[in-house]
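Because only heavy atoms are used, hydrogens play no part in the values below, and waters and symmetry mates are left out as well, while side chains stay in.
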Amino acid sequence: MSGKPIFDLTASNPTTCGFAYPEAEILSALSDTRALFYSPESKGMRSAREAAANYYKEARGFRGARGEIDPERIILTSGTSEAYSYILRLLCEPGDEILVPAPSYPLFEYLADLNDVCLGHYPLLYDHGWQIDLESLRVALTPRTQAILVVHPNNPTGSFVKPQEAEAISAIAAERDLAIVSDEVFLDFANAEVRAPSFAFEEGALAFTLSGLSKISALPQMKLAWTVVSGPAALANAAIGRLEIIADTYLSPGTPVQLALPKLLAIRGEMQRQLKERVESNLNYLDAAISKNSHITRLEREGGWYAILRVPSMQSDEELVISLLEKTGVLVHPGRFFDSPRDGFLVVSLIAPETEFAGGVRRVLEYFAA
């Protein structure tokens, strides 16, 4: 591959994908003179927590709010990975278990290992769209299960938890005294027809809802996320009190980015517009291209930044990805990377630069045509 161009269809870092950032606004937001002073707050600065609470209030219809989020129920962290660590330490003893969906993002395996927690899996099934296999979820529960994790929408399937699925999971969690952990970093990136209430307004079971700047405002380098604690008052209050002790031990979010959070959230509309236009453009190109190829189909998706392709299964996904890279210069994810139950799936990012995306797709199609 030396000297040959690489068409990277795994590119998912928005800061390197050619988007136009409002540089002056971002830099101005970070120039607050109050950042010269250190005034630590265990949950995070009140002004920043209020900005996170307003994020849910400002799009109430989309997120299914039945009230407002109390900033006192919000904990700030330097990212969702740190938030997961807080939550796992709160909920689990060494050797305890959480259930996670499959397919889904491989990060959870590493986070579980680092926090001495085991992973159980419940399947997402595909039949003209994705559904949670609720019966398999119930069967997967063990006496050591402490939480059910949902990714809303899932990465890479782009599928949201349906309202009836959310109700069932809430009932299971309440009955078994389990927590719900909802990763909602891609929540804003839904297809036009999708209405997906946030778990931040969960009432039946203890719930921890995660989001942050990385996807919402396309600012992964700012390293600021939050967790909303909801559910029955007694459980939520006890959880927030214990989380506050954990957060006070680390005091990790930096003062400048906390002060900047209201302004950094204010730019999300423009950044999301650009991201959604890129996703739509690349998706339209992909669909038009594969419509002429009988070897490849795209699985239905409801949101997010990714697309899953079903391809001929003549070798393992890992071997196929290596072959594609060596013969065509195109880099894609193997489906197995996301815990796909079988071979024959590739995953591509829909926010890759359009010229690079189109060039990569053409070469993938030529590979299979040959």
Do [X] and [Y] have side-chain heavy atoms sitting under 4.5 Å apart?
X    : Y    : answer
Y84  : L149 : yes
I6   : L325 : yes
Y55  : I216 : yes
L275 : W305 : yes
C17  : P353 : yes

Hey, are [X] and [Y] close enough for a salt bridge, meaning a charged N less than 4.0 Å from a carboxylate O?
X    : Y    : value
K215 : D183 : no
E97  : R144 : no
R362 : E366 : no
E72  : K43  : yes
R336 : E319 : no
E41  : R49  : yes

Euclidean distance, S252 OG relative to L224 CG, rounded to 0.5 Å: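 L224 atom CG to S252 atom OG measures 9.0 Å (nearest 0.5 Å).
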Count the heavy atoms belonging to other residues, nucleotides or ligands that lie under 6.0 Å from CZ of R342, then report whether that count exceeds 12.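 No.
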Within a radius of less than 6.0 Å around CD of Q164, do more than 12 heavy atoms belonging to other residues, nucleotides or ligands occur?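 Yes, CD of Q164 has more than 12 neighbouring heavy atoms, counting only those of other groups under 6.0 Å.
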Please check if the side chain of [X] supplies one atom and the backbone of [Y] the other of a donor-acceptor pair under 3.5 Å.
X    : Y    : value
E302 : F160 : yes
R363 : G359 : yes
S31  : S28  : yes

As a test of understanding, state which of [options] forms a side chain to side chain contact (heavy atoms under 4.5 Å, CB included) with [X].
X    : options                : result
T227 : I74, T209, I87         : I87
I351 : N13, V279, N282        : V279
V364 : L286, I290, V330, V311 : V330

Using the side-chain hydrogen bond (donor to acceptor under 3.5 Å, both in side chains) rule, pick out the option among S182, S230, S170 that qualifies with E202. S170
Run through E270, Q272, K276 and flag the one making a side-chain hydrogen bond (donor to acceptor under 3.5 Å, both in side chains) with Q274.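 Among E270, Q272, K276, the one meeting side-chain hydrogen bond (donor to acceptor under 3.5 Å, both in side chains) with Q274 is E270.
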Taking every non-hydrogen atom, the tightest pair across P14 and F19: O-CD1, 3.3 Å
Between L99 and L107, is there a shared hydrophobic cluster once you connect ILVMFWY residues whose side-chain heavy atoms come closer than 4.5 Å? yes
Does the structure place the NZ or CZ of R301 under 6.0 Å from the centre of the six-membered ring of Y306, at an angle of no more than 45° from the ring's axis?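 Not satisfied by the 6.0 Å and 45° rule.
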Non-neighbouring partners of Y105 that pass ring-ring contact (aromatic ring centres under 6.0 Å, His included), sequence neighbours left out: none
